[in-house]
Amino acid sequence: MTDDPRSPQDPKGGDSTPIRGLDQLEGVALPDAQGHYGEYGGRYVPEMLAPALEELTEAYLYWRGQEDFQRDLRYLYENYSGRPTPLYFAKNLSESLGGAKIYLKQEGLGATGAHKINHALGQALLAERMGKKRIICETGAGQHGLASATVAARFGLPCTVYMGEVDVARQATNVFWMRQLGAKVVPVSEGTRTLKDAVNAAMKDWMWNVEETYFLLGSALGPHPYPMIVRDLQSVVGREVRLQLNQFEGRLPDYVVACVGGGSNAIGIFNEFLDKPEVKLVGVEAGGTGDAPGEHARRFLGGRPGVVEGYKSYFLQNDEGQVQPTHSISAGLDYAGIGPQHAWLRDRKRVEFTHALDHEVIHAFQLLAQKEGILAAMESSHALAHVIKLAPTLSKDEIVVVNLSGRGDKDIFIVAEYLDDPDWKQYCKNFAEGKL
Amino acid sequence: MTSKIQGNAQRIDEAFERIRKSGEPGLMTHIIYGYPRVEDNEVLIETMVEAGVDLIEVQLPFSDPTADGPTITQACQVALDNGAHIQEGIDFVARMTEKYDVPILFMSYFNIVFSYHAPGEEKRGVSSFVHAAAKAGASGLIVPDIPPEEKSERYPELCKEAGLYPIYVTSPNVSDHRLKAIGEVAEGFIYCTSRTGTTGKDVDLDMEMLGAFLKQTHDVCKLPVAVGFSIARRDQVEALAPHAEVAVVGSHLLRTFDEKGAQGLREEILKLKGK
């Protein structure tokens with residue numbers, strides 16, 4: 001290492017500390033044995049789930065250290081999903097914003113179009129090693145359900161996807177694809193009929209079928225060990241970014257920006273940089289349409305610590321502790337809780353959290369499409385929306401990496417609806433009336 | 001069995017003493033504050049007390065009741081939609097414990113306990129909730145999602161300091177080390193589920209498996225047990241009698257009241273008691 005680790009004249013020496021693989025995570029301090037990240041996390045579940053979570057913790061800690069498990073996972077990442085995903089220098093976007101160099105981590109180019117495939121493949125492999133006969137999962141936007149249905153097909157396991165009725169209605173395309181992949185999609189009619197109710201329904205299914213079933217949880221949240229498992233399996237994203245950026249620039253990024261719903265893509269790209277304080281980490285929550293309850297999913301604005309769905313973290317809840325409805329243009333960020341490690345990182349000021357409003361998100365989506373020819377998911381467009389504000393305030397030799405956690409194809413209905421596109425509406429009408 | 005706690009918890013000890021002397025299995029029933037309507041709650045308690053139930057759980061509704069099946073989950077949603085508030089539920093229990101001697105336990109989820117603050121006070125948390133619950137005359141708390149290993153919450157300690165029994169829920173798939181950990185913190189009695197899964201589904205009890213589990217629970221925890229989940233008929237209560245001190249009937253009586261009103265509820269309780 002040189003004195004100035006960011007010296008562009010020293011492309012090889014800028015970033016030379018070793019990169020940890022899945023097998024080298026033992027030394028990572030968090031979480032403790034009971035799954036705590038400081039005061040957050042833990043395992044607050046009905047007793048009948050405790051044995052299954054203990055079994056899962058033990059199995060995971062064993063298998064993540066096994067060479068054959070890592071080899072099989074690497075094979076699937078590289079050949080099934082298409083890893084490593086590219087890190088792309090968005091030259092046009094950077095120049096048009098007139099500030100920092102913007103790099104895009106193109107997770108949307110992997111199988112199923114979003115980063116969810118990373119933890120789905122890892123967990124399916126774990127389910128197979130544990131001898132489980134069935135996969136269940138929850139989904140909000142349907143991306144995690146799609147990834148779970150995909151890996152269930154690949155591993156030959158029956159799959160039941162729980163999805164709130166509201167989400168089933170607004171994400172019909174993903175529901176259709178999940179069923180084509182052979183999964184059973186169960187609409188959940190309880191509560192707010194969205195993601196949190198789907199999580200509850202999946203947990204209840206698990207209570208009934210705890211012996212044979214693997215609950216493939218879709219974000220870095222829920223009871224221990226899920227936040228740890230999902231983080232570890234997603235951390236491949238940040239490791240690749242570090243290697244790739246070192247090849248392009250010979251140094252670490254100045255900023256890493258990711259959207260945060262439950263927090264799986266964010267912790268995945270942040271994890272590699274957590275112990276490098278010179279890298280600023282920014283999480284972007286769903287600002288929705290405004291600050292009033294029910295208009296957004298900003299857990300760090302209207303939320304406070306609580307214990308819901310098996311873990312302690314920040315939740316949007318009323319004065320009495322009832323979980324509150326949320327809103328976001330992106331179904332994947334439309335969730336009242338946030339992964340416990342994010343709550344801890346926020347309190348420690350290691351990650352700065354901000355938000356993007358629905359209209360800023362649409363603008364970011366359009367700008368990227370027009371400048372770079374890339375259609376980003378609504379979720380990822382939140383991260384972009386923040387970068388549009390951030391980049392012009394930085395100098396031209398500073399580097400911002402954005403996690404483009406998913407591609408936008410799935411959002412065609414949402415974007416067209418928001419833009420009130422007459423041609424698209426006419427097409428939908430004609431299609432429904434059988435006039436095509 | 002000796003009472004280790006001074007306060008309302010003694011009502012639970014007294015109830016178990018009466019049950020032991022009667023030679024008949026006891027009955028614990030369940031209501032949800034605010035369901036079907038707030039104004040029905042007092043009739044429900046009155047009917048249950050007059051029909052001779054031994055203990056009553058009052059569930060404070062939560063938006064995300066993870067351990068409950070569809071009947072109670074939907075009932076909680078109805079209660080919340082009816083505008084049921086936690087503080088009102090606590091005040092309601094205060095009136096009921098004043099009026100009746102039956103031990104009343106609060107059942108809820110940990111976020112309700114963790115979020116609670118007394119009117120006009122800012123301090124939230126377990127100590128605020130247990131203080132309010134004890135002041136309302138409750139005898140214990142049943143909170144299914146606070147496991148013994150979350151020690152930093154000091155939940156069992158704070159319950160006991162307030163004169164409340166922390167009632168732990170355990171299930172037939174429990175491991176030896178977990179049952180031991182529960183036995184170390186539990187007081188009053190252990191709430192055993194008759195099977196895995198959520199509340200309210202009509203399935204046959206596997207008495208051989210259940211008998212062994214209840215014996216193990218008695219042996220390890222050295223406390224009486226109450227058995228709930230899928231208990232809806234007198235023959236089940238009788239089958240449980242050699243293995244458990246109390247049968248818990250929740251979802252079934254909730255549906256009975258929905259369908260047949262207070263008189264139907266009374267008859268059904270008497271039937272469950274073999275009268």
Side-chain angles (χ1 to χ4, degrees), chain A residues 32-36 38-39 41-55 188-193 196-197 199-211 213 222-224 304-313 315-325 336-337, chain B residues 60-70 73-74 76-77 80 84-89 108-117 124-125 129 143-153 168-175 177-179 181-182 191-193 195-199 201 203 229:
Chain A
D32 72 10
Q34 273 81 42
H36 296 107
E39 67 177 285
R43 183 190 280 159
Y44 295 82
V45 294
E47 190 56 32
M48 66 182 74
L49 284 182
L53 292 166
E54 287 183 348
E55 179 200 7
V188 177
S189 59
E190 280 135 16
T192 56
R193 298 175 293 138
K196 77 176 181 66
D197 309 288
V199 175
N200 288 332
M203 281 176 82
K204 290 174 190 188
D205 177 314
W206 204 26
M207 286 187 217
W208 279 102
N209 304 292
V210 70
E211 300 280 326
T213 298
H224 179 62
R304 59 164 201 277
V307 178
V308 182
E309 290 173 348
Y311 65 105
K312 184 184 281 188
S313 185
F315 292 89
L316 287 165
Q317 53 186 322
N318 72 9
D319 182 53
E320 297 184 346
Q322 312 293 354
V323 179
Q324 294 297 89
Chain B
L60 297 173
F62 177 47
S63 54
D64 295 72
T66 323
D68 284 302
T73 300
Q74 278 156 22
C76 286
Q77 193 59 49
L80 292 171
H85 288 288
I86 301 303
Q87 186 60 47
E88 291 167 4
S108 198
Y109 288 84
F110 191 62
N111 201 46
I112 295 298
V113 175
F114 184 76
S115 300
Y116 179 80
H117 66 103
R124 295 179 188 273
F129 185 88
V143 181
D145 60 344
I146 177 72
E149 65 265 30
E150 294 294 348
K151 293 194 191 308
S152 67
E153 306 293 353
Y168 282 81
V169 184
T170 182
S171 302
N173 64 344
V174 71
S175 57
H177 77 272
R178 293 200 63 85
L179 192 57
I182 289 167
Y191 187 132
C192 294
T193 68
R195 48 163 175 75
T196 53
T198 54
T199 56
K201 194 162 175 177
V203 291
F229 287 38

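Protein chains get the first letters and strands the later ones, always in sequence-line order, with residue 1 at the start of each.
Interface remark: Thr196(B) contributes backbone and side-chain atoms alike to the contact with chain A (heavy atom separation under 4.5 Å). Using a 4.5 Å cut-off between heavy atoms, Val323(A) touches chain B through backbone and side chain atoms alike. For chain A, no part of Phe129(B) is nearby; none of its heavy atoms comes within less than 4.5 Å. Contacts of Asp319(A) with chain B are made by both backbone and side-chain atoms, with heavy-atom separations under 4.5 Å. Heavy-atom distances place no part of Leu60(B) under 4.5 Å from chain A, backbone and side chain included. Looking at Arg124(B), only its side chain comes within 4.5 Å of chain A, counting heavy atoms on both sides. With a 4.5 angstrom heavy-atom cutoff, Tyr116(B) does not touch chain A via any of its atoms.
A salt bridge links Glu54(A) to Arg178(B): one of the charged nitrogens lies within less than 4.0 Å of a carboxylate oxygen.
A donor atom on one side chain and an acceptor atom on the other are not found under 3.5 Å apart for Ser63(B) and Lys196(A).
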Step-by-step side chain to side chain contact (heavy atoms under 4.5 Å, CB included) determination, Val169(B) to Met48(A): CA-CA 9 Å; Val169(B) 184; Met48(A) 66 182 74; 6.0 Å; no
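Side chains of Val308(A) and Phe62(B) form a contact here, defined as non-hydrogen atoms less than 4.5 Å apart. Between Glu47(A) and Tyr168(B), every side-chain heavy-atom pair lies at or beyond the 4.5 Å cut-off. Put simply, the side chain of His85(B) reaches to within 4.5 Å of the side chain of Glu320(A), judged on heavy atoms.
In terms of heavy-atom pairs under 4.5 angstrom with chain B, the leader among Gln34(A), Arg43(A), Gln317(A) is Arg43(A). Per-residue heavy-atom pair counts under 4.5 Å with chain B were compared for Glu309(A), Met203(A), Glu190(A), and the maximum is reached by Glu190(A). In terms of heavy-atom pairs under 4.5 angstrom with chain A, the leader among Glu149(B), Arg195(B), Gln77(B) is Arg195(B). Of the listed residues Glu39(A), His36(A), Arg304(A), the one with more heavy-atom pairs under 4.5 angstrom with chain B than any other is Arg304(A). Of the listed residues (Thr193(B), Thr73(B), Val113(B)), the one with the most heavy-atom contacts under 4.5 Å to chain A is Thr73(B). For the set Val174(B), Ile146(B), Thr198(B), the count of heavy-atom pairs under 4.5 angstrom toward chain A peaks at Thr198(B).
The two residues Pro51(A) and Asn173(B) have their closest heavy-atom pair at CG-O, 3.4 Å. The shortest non-hydrogen separation linking Gly321(A) to Ser115(B) is CA-OG, 3.5 Å. A pairwise comparison of heavy atoms in Tyr44(A) and Pro147(B) identifies CA-CD, 3.9 Å as the closest pair.
Distance check, rounded to the nearest 0.5 Å: OG1 of Thr192(A) to CG of Asp64(B) gives 7.5 Å. Expressed to the nearest 0.5 Å, how far CD of Glu55(A) lies from OG of Ser175(B) amounts to 11.5 Å.
Between the side chain of Gln322(A) and the main chain of Pro61(B), a donor-acceptor pair closer than 3.5 Å is present. For the pair Asn111(B) (side chain) and Val307(A) (backbone), a donor-acceptor distance under 3.5 Å is present.
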